[in-house]
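Keep in mind that this is a model prediction, so the values were computed, not measured.
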There are 2 protein chains.
Amino acid sequence: MTALDNAALRAATGAANGEQDRRAEIYRSAARIFHRKGYHATSINDIAAAVGLTKAGLYYYIKGKQDLLFAIMGFAMDQLDEQVIEPARRVEDPQTRLETIVARHARLITQDSSALTILVNELEGLLPDDRADIIGRQRDYVDFIADTLAALRDEGKVLGLDPTVGAFSLVGMILWISRWYRADGRLDGDEVVAEVTRMAISAVLNRGEDSNAGNPARTGQPAKETRE
Amino acid sequence: MTALDNAALRAATGAANGEQDRRAEIYRSAARIFHRKGYHATSINDIAAAVGLTKAGLYYYIKGKQDLLFAIMGFAMDQLDEQVIEPARRVEDPQTRLETIVARHARLITQDSSALTILVNELEGLLPDDRADIIGRQRDYVDFIADTLAALRDEGKVLGLDPTVGAFSLVGMILWISRWYRADGRLDGDEVVAEVTRMAISAVLNRGEDSNAGNPARTGQPAKETRE
DNA sequence: GCGAACCTACCGGGCGGTCGGTAGACTACT
DNA sequence: AGTAGTCTACCGACCGCCCGGTAGGTTCGC
């Protein structure tokens with residue numbers, strides 16, 4: 001049965017070529033299971049079974065449980081770098097940059113939250129050196145957002161908000177998506193991304209600013225003092 | 001040494017009375033350790049040692065590891081009910097109610113995040129029935145926030161925001177505090193609570209509203225169109 | 001016949017949990 | 001006052017299980 005699954009799996013992936021595909025599949029499976037059950041609650045056997053191998057067979061591909069976790073987290077950070085940070089870094093205007101960050105990060109999570117979520121939930125499963133590495137990269141990301149908020153403040157678009165608190169709060173909002181969003185749920189992924197992005201922007205911007213530049217419609221109500 | 005620690009501990013607690021104090025201390029210690037290392041990475045021995053008992057001694061007070069977790073989560077939900085939901089339920093005005101919710105929840109986390117954080121991070125450690133219980137109570141809380149957002153929408157203070165997405169996003173922002181806030185850090189707990197509350201309100205409100213009703217000071221700049 | 005890709009069988013160890021005890025405080029009876 | 005019984009609050013030793021990891025094959029395509 002195991003052998004059959006294995007063969008079926010190979011056929012399904014297209015019978016292409018060997019080692020790299022298999023290894024990638026292992027990482028993907030492991031990420032999914034770590035995400036669902038948590039790192040410590042997941043056994044090497046769980047992962048091996050999920051990819052149609054025995055434990056010993058799995059060890060042909062991986063060095064150990066902790067290396068596997070570190071590899072997944074590294075992959076997730078790479079994803080964040082490539083799909084969020086780098087594209088955003090090329091955006092000059094701070095507000096547009098912030099929108100880019102939030103939207104791209106949120107989209108990444110609605111598409112496949114496994115690795116990204118493990119990245120924040122399983123840090124204590126790493127060896128100290130590996131943990132330091134990941135935490136450093138995470139801090140860089142938060143600093144990048146904080147710097148963007150500081151730039152917005154310098155433009156007068158943000159008043160009286162500590163950039164660090166702002167950055168963390170936005171990150172919290174985004175990361176939390178993976179806890180409640182279901183691809184098969186009531187809401188479409190793109191809608192969720194749009195909603196969250198709009199909330200994030202208006203959370204940090206001064207009143208009286210248009211939060212969604214370049215977006216037609218939705219100019220419903222001009223800034224107006226109607227209080228009491 | 002264990003016996004000494006034990007005795008010292010008793011003396012320190014005031015040599016008051018027995019079982020309830022001890023049990024409370026156990027829950028508190030366990031919550032702290034679960035929070036720091038995670039439920040699955042924490043052994044019964046860890047907890048026993050932390051309270052100056054052997055494993056067998058600890059089992060005099062608890063029924064098992066999962067019951068301990070459930071008890072802690074139940075306590076955390078009770079805290080949330082008593083300190084956040086009930087007080088907020090007595091507030092009629094939706095905006096003030098929302099401010100109450102966010103501020104009180106955030107304050108709870110800056111004061112002692114252990115139990116509250118376990119509540120959201122260790123759900124998969126529970127037995128199915130217990131998990132259903134806790135998840136139900138959590139859903140009630142999110143619904144409560146969503147209803148408040150819906151009420152704000154009916155007042156015209158919120159436009160085009162899905163109450164559910166809004167509620168989840170705010171919760172994410174609040175819960176995330178426990179990941180970055182340190183009591184001994186640069187920022188004062190009250191400042192953080194105030195900042196996050198302000199962000200939360202302006203995240204959901206239309207521009208042109210004053211986000212901190214009844215709060216003197218901090219009226220630095222009236223809503224004004226200064227764009228470009 | 002040789003290496004890549006696996007397997008079976010096993011290891012030491014730590015886990016959650018239990019069992020049978022027991023020191024000592026506190027009654028209860030004589 | 002003495003002592004027998006009882007109960008609370010623990011402890012040392014142990015159990016079975018499963019964990020991460022490994023040693024030493026075996027199969028199979030080239």
Side-chain angles (χ1 to χ4, degrees), chain A residues 1-11 13 15-26 29-30 33-34 37-72 122 125-127 130, chain B residues 1-11 13 15-27 29-30 33-34 37-72 122 124-127 130:
Chain A
M1 199 215 252
T2 297
L4 278 177
D5 284 348
N6 197 349
L9 223 64
R10 268 167 203 280
T13 23
N17 53 356
E19 175 147 347
Q20 285 316 308
D21 282 8
R22 201 96 169 93
R23 200 183 298 271
E25 189 210 341
I26 289 168
S29 275
I33 304 175
F34 283 162
K37 309 211 304 175
Y39 172 71
H40 287 286
T42 302
S43 77
I44 289 287
N45 256 327
D46 292 338
I47 298 165
V51 293
L53 286 174
T54 60
K55 191 167 46 160
L58 180 63
Y59 267 88
Y60 175 77
Y61 292 100
I62 68 171
K63 269 176 290 183
K65 200 188 178 190
Q66 286 186 325
D67 301 86
L68 184 56
L69 179 62
F70 182 58
I72 290 169
E122 307 291 357
L126 292 172
L127 296 165
D130 293 345
Chain B
M1 199 217 249
T2 297
L4 278 176
D5 285 346
N6 197 347
L9 223 64
R10 269 166 203 278
T13 22
N17 53 357
E19 177 147 346
Q20 285 314 309
D21 283 7
R22 200 94 169 97
R23 199 182 299 272
E25 189 210 342
I26 288 168
Y27 288 153
S29 276
I33 304 175
F34 283 162
K37 309 212 303 176
Y39 171 72
H40 287 287
T42 302
S43 76
I44 288 287
N45 256 327
D46 291 338
I47 298 165
V51 294
L53 286 173
T54 59
K55 191 168 47 162
L58 180 64
Y59 267 88
Y60 175 76
Y61 293 101
I62 69 171
K63 268 174 290 183
K65 202 188 178 190
Q66 286 185 324
D67 301 88
L68 185 56
L69 179 62
F70 182 58
I72 290 169
E122 308 289 359
E124 84 314 326
L126 292 173
L127 296 164
D130 293 347

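The salt bridge (Lys or Arg N to Asp or Glu O under 4.0 Å) search around B:Lys55 returns none, not counting sequence neighbours. Remark: A:Asp67 engages no residue in a salt bridge (Lys or Arg N to Asp or Glu O under 4.0 Å) (not counting sequence neighbours).
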Would you give a per-nucleotide map of nucleotides 19-24 of chain D, 5' to 3', where B means the base has a protein non-hydrogen atom under 4.0 Å away, S means only the sugar-phosphate does, and - means neither?
-> SBBBB-
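Nearest approach of A:Ile62 to A:Ile44, heavy atoms of both residues: CD1-CD1, 4.1 Å. For the pair B:Leu69 and B:Gly125, the tightest heavy-atom approach, listed with the atom from each and the gap, is CD2-C, 3.8 Å.
Distance OH/A:Tyr60 to CZ/A:Arg23: 8.0 Å, rounded to 0.5 Å.
Summarising the geometry, the separation between CZ on A:Arg22 and C1' on C:dA5 is reported as 9 Å, rounded to the nearest angstrom. At whole-Å resolution of the value, OH in B:Tyr60 and C1' in C:dG17 are 18 Å apart. Distance A:Asp21 CG to C:dA5 P: 12 Å, rounded to the nearest Å.
Seen from the ring of B:Tyr39, B:Lys65 counts as a face-on cation partner, given the 6.0 Å and 45° thresholds.
Candidate nucleotides C:dT8, D:dC11, C:dA5 were compared by shortest atom distance to the side chain of B:Leu53, and D:dC11 ranks first.
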